[in-house]
Amino acid sequence: MSKQTIIELKGIAKRYVMGSESFYALDHIDLDIYLNDYIAIVGSSGSGKSTLMNLLGCLDYPTNGEYKLKGTDVATLDENHLAGIRNQEIGFIFQNFNLLPRASALQNVMQPLIYRGLPLVERKRRAENALTMVGLQDRMTHVPNQLSGGQRQRVAIARALVTEPAILLADEPTGNLDSTTTIEIMALFDQLHADGQTLIIVTHEQEIAERCHRVVTLKDGHLMSDQLNQSQASSPSFEVNAGV
Amino acid sequence: MSSLKFKLIEGTRSAGQSIFAHGFRSFLTTLGIIIGVASVIAVVSVVQGFSANITQQFDGMGTNVINVESFTPRKERLQGVRAKLTYDDYLQIKYKITGISDVTPTVRMWGSNAGITYRGQTSSSMIVGTASTYQKLNTVYPERGRFFNASDDQSRRRVAVLGPSIMSKLDIKGDPIGQHVGVSGEWFKVIGIAEKRGKLFGFDQDDFILLPFSTTRALLGGAEEPDIIISFQVNEPSQLDQVKQQVTNLLRRNHNLDQDANDDFEIATADQMLDTFDEIIGSTTLVLGGIVGISLLVGGIGIMNIMLVSVTERTREIGIQKALGATRFDILLQFLIEAVFLCLLGGLLGLILGFGAGSLISNLTGLPSATVPLWAVILSFGFSAGIGLVFGIIPAAKAANLDPIDALRYE
Ligand SMILES: Nc1ncnc2c1ncn2[C@@H]1O[C@H](COP(=O)(O)OP(=O)(O)OP(=O)(O)O)[C@@H](O)[C@H]1O
Ligand SMILES: [Mg+2]
């Protein structure tokens with residue numbers, strides 16, 4: 001099976017300067033990510049997982065090193081191109097959902113399509129499909145504070161998916177959810193992976209990491225290990241139960 | 001580009017949403033604009049209503065009508081000297097100046113002996129002694145009955161044309177035509193009622209009684225010749241200046257004025273009065289413009305201030321939007337639309353408020369009814385939108401230039 005690389009990180013470092021002190025939140029990370037990868041990024045708190053995700057999502061920029069996305073060196077791109085990448089290539093799911101508070105579920109999911117300049121009917125059609133896919137077809141007009149945590153996260157997932165991004169980045173997507181909801185969300189991710197989606201998920205939870213096919217471990221900004229999860233990669237043994 | 005169109009539509013929708021989400025705050029924010037536009041519209045509507053009315057009045061007078069009145073400089077007036085136009089001046093103009101017609105002498109009676117009575121009611125309305133040609137020069141036509149004619153004048157008949165206001169002042173009931181009113185102790189038969197003209201500068205223009213000139217002169221007695229006004233029409237408008245010069249020369253000769261003496265009379269055309277009036281309106285508008293400029297500036301700063309607060313408040317939202325792929329331009333557009341939208345709403349409110357205030361003012365003061373010209377409406381909206389653009393650009397740029405990760409981390 002020949003693997004198609006979509007992300008190449010070479011010697012990536014992120015240094016934070018605070019007053020006179022400075023330290024590396026990420027230090028010399030080399031990482032290749034392939035099409036349809038299903039990666040868990042684990043590591044203790046403060047190990048640099050979110051920092052890495054923000055770099056991958058083109059929300060932040062590295063201090064050193066090279067980040068190639070689909071062969072393009074991201075450092076050479078200007079703000080407008082980066083915005084385009086965030087819009088077209090990346091679907092970002094945040095731990096704290098980051099929904100627009102005054103916008104309904106439907107409006108939230110339509111939001112990224114505005115930046116594509118799509119007409120309203122088209123935005124609406126796609127957003128409704130995405131919301132239906134995450135099982136929220138009867139919650140479209142609710143605003144975030146009228147939704148449960150799990151529902152909010154599913155809106156966020158629908159919003160990340162509606163643009164059909166090359167890579168789905170999820171920073172502790174189930175960190176704020178109970179175990180039942182977590183299982184629902186993970187089933188959804190399994191389904192996406194089965195459909196060919198590339199996913200990178202930051203997690204604290206062992207069970208989630210075990211469902212992924214590749215586990216990257218960070219420690220104090222260093223890449224400690226990058227292992228294939230044998231039981232997963234060979235045969236998907238978990239029941240796929242999307243839209244529960 | 002169609003995608004810009006959709007962004008503009010969406011920007012307007014979301015601007016409306018966030019403006020109405022904070023309705024009261026938005027209202028307070030635009031208060032400066034509201035007050036600025038309202039005051040402009042109030043004053044403009046009153047002034048315009050006023051000036052439309054006056055222009056109409058002057059139009060009625062005809063632009064080639066000339067009025068000659070006596071003029072005494074203040075200094076001489078203090079010394080007790082009074083310039084005068086006499087019946088002789090009238091005759092001279094009438095028979096010696098060519099190219100004019102409808103030369104009309106007019107004498108006005110004021111003061112204590114100028115009371116008008118009817119069945120125990122008294123009115124101190126203006127008493128005007130004039131010739132039949134007066135109606136043509138001043139467009140005062142009888143609505144009922146008739147105007148007096150040359151023969152009434154020649155035979156010094158005691159007939160009168162009443163302004164419509166007198167009717168109620170004297171409490172005349174029933175058909176006034178053929179009834180008698182008293183002027184300076186003499187009885188005059190009412191032969192006509194003039195058309196209603198309304199108010200000008202707050203003065204009732206219908207509060208008068210017109211009598212034949214000769215009759216009035218006789219009434220005043222021969223003790224002292226009255227000061228009269230001489231009006232006439234210039235047949236060829238192009239000869240206006242020439243006629244004015246001729247009249248000037250004639251009157252100076254007739255009054256035995258020295259070479260270096262000033263004219264003791266004034267020649268005024270309707271055009272001139274209109275020009276003077278336009279000048280007054282113009283400078284009023286200018287002063288007004290200044291005041292409005294300042295108030296809109298203050299309003300704009302208010303908008304900028306609140307927009308800056310709102311950008312800070314929505315920092316996280318901006319971060320989210322950027323994470324979803326909003327470009328700087330998208331964010332800039334969104335906040336600019338919001339600022340302009342806000343200002344336009346303020347402008348609209350101001351317009352309604354201003355027109356209401358203007359109508360109220362004209363109603364209360366008896367001025368002509370307020371009108372808002374289209375240019376004032378367009379200007380108000382244009383100005384409001386401009387204020388939104390100018391004062392929205394700094395907050396919008398601040399929002400647009402936020403770093404996505406910093407904005408997302410903002411607490
Ligand atoms: N803006 C910043 N300025 C300074 N230091 C920062 C900044 N952002 C992150 N850090 C530091 O970088 C390190 C890595 O942070 P990061 O958020 O990537 O950790 P994490 O692995 O996601 O942890 P957690 O599991 O708790 O979310 C931490 O020590 C943090 O204090
Ligand atoms: Mg984190």
Side-chain angles (χ1 to χ4, degrees), chain A residues 14 16 25 50-51 53-62 78-104 107-124 143-144 156 159-160 162-163 165 169 171, chain B residues 1-23 25-26 310-338 396-411:
Chain A
K14 180 73 188 180
Y16 286 116
S50 294
T51 307
M53 291 297 263
N54 293 336
L55 291 180
L56 291 175
C58 294
L59 295 171
D60 209 352
Y61 47 90
D78 64 12
E79 242 305 298
N80 280 342
H81 279 101
L82 290 176
I85 287 182
R86 291 194 285 263
N87 189 240
Q88 320 259 333
E89 309 288 357
I90 313 269
F92 210 113
I93 299 165
F94 300 89
Q95 175 172 1
N96 56 358
F97 319 132
N98 269 342
L99 297 177
L100 297 169
R102 282 177 283 112
S104 69
Q107 284 172 331
N108 261 290
V109 180
M110 291 198 297
Q111 193 72 20
L113 300 177
I114 292 168
Y115 309 124
R116 292 218 178 152
L118 292 180
L120 180 66
V121 239
E122 185 60 17
R123 274 181 289 175
K124 206 167 170 185
V143 291
R159 187 178 64 182
V162 77
T163 57
L169 300 172
D171 191 353
Chain B
M1 202 170 90
S2 71
S3 90
L4 181 65
K5 187 181 93 187
F6 296 125
K7 283 176 182 179
L8 284 172
I9 296 171
E10 172 56 28
T12 310
R13 190 201 60 78
S14 82
Q17 193 180 38
S18 74
I19 287 167
F20 291 110
H22 304 110
R25 178 165 113 181
S26 304
S310 144
V311 167
T312 307
E313 271 180 2
R314 277 145 69 182
T315 300
R316 268 183 75 88
E317 267 180 60
I318 295 162
I320 296 169
Q321 287 177 284
K322 289 208 153 191
L324 297 178
T327 60
R328 284 191 179 141
F329 178 73
D330 290 330
I331 304 289
L332 189 83
L333 196 68
Q334 181 192 330
F335 278 89
L336 271 187
I337 289 175
E338 191 166 325
K398 185 187 167 199
N401 288 330
L402 283 174
D403 190 54
I405 194 72
D406 290 343
L408 276 171
R409 285 209 187 105
Y410 184 84
E411 295 293 331

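Lettering of chains follows the sequences in order, A, B, ..., and the numbering in each one begins at 1. For clarity, every value in this text was computed on a predicted model and none was experimentally measured.
Taking chain B as the reference chain and counting heavy-atom pairs below 4.5 Å, the highest number among T163(A), N80(A), L120(A), L100(A) is found for L100(A). With chain A as partner, the option from E317(B), Q17(B), R314(B) having the largest number of non-hydrogen pairs under 4.5 angstrom is E317(B). Between chain B and the options R123(A), Q111(A), R86(A), R116(A), the largest number of non-hydrogen pairs under 4.5 Å is found for R86(A). Most heavy-atom pairs under 4.5 Å with chain B: of the set G84(A), P101(A), A160(A), this distinction falls to P101(A).
K14(A) pairs by the salt bridge (Lys or Arg N to Asp or Glu O under 4.0 Å) definition with D60(A), not counting sequence neighbours.
The shortest heavy-atom contact between R102(A) and A21(B) is CD-CB, 4.1 Å. Between Y115(A) and Q321(B) the shortest heavy-atom distance is OH-NE2, 3.0 Å.
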Pair R316(B), N98(A) - check side chain to side chain contact (heavy atoms under 4.5 Å, CB included), show working. CA-CA 8 Å; R316(B) 268 183 75 88; N98(A) 269 342; 2.4 Å; yes
Going by atom type alone, with no hydrogens or angles, which donor-acceptor pairs under 3.5 Å involve a side-chain atom of residues 88-97 of chain A and a protein atom two or more places apart or on another chain?
| from | atom 1 | to | atom 2 | distance (Å) |
| --- | --- | --- | --- | --- |
| E89(A) | OE1 | K70(A) | NZ | 2.9 |

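Heavy atoms of L99(A) lying under 4.5 Å from chain B belong exclusively to its backbone. Within the 4.5 angstrom heavy-atom criterion, no atom of L82(A) approaches chain B. Contacts between S14(B) and chain A at a heavy-atom distance below 4.5 Å are absent for every atom of the residue. In this structure, the portions of A326(B) lying under 4.5 Å from any heavy atom of chain A include both its backbone and its side chain. When heavy atoms are compared at a cutoff of 4.5 Å, I9(B) does not approach chain A at all.
In this structure, Q107(A) CD and E10(B) CD are separated by 7.5 Å, a value rounded to the nearest 0.5 Å. Here M110(A) contributes atom CE and L324(B) contributes atom CG; the two are 13.0 Å apart, rounded to the nearest 0.5 Å.
For a heavy-atom cut-off of 4.5 Å, chain A lies close to T327(B), R328(B), D330(B) in residues 327-335 of chain B.
Residue pairs satisfying the side chain to side chain donor-acceptor pair (under 3.5 Å) criterion with at least one member in residues 402-411 of chain B, sequence neighbours excluded, are listed as follows: Y16(A)-R409(B).
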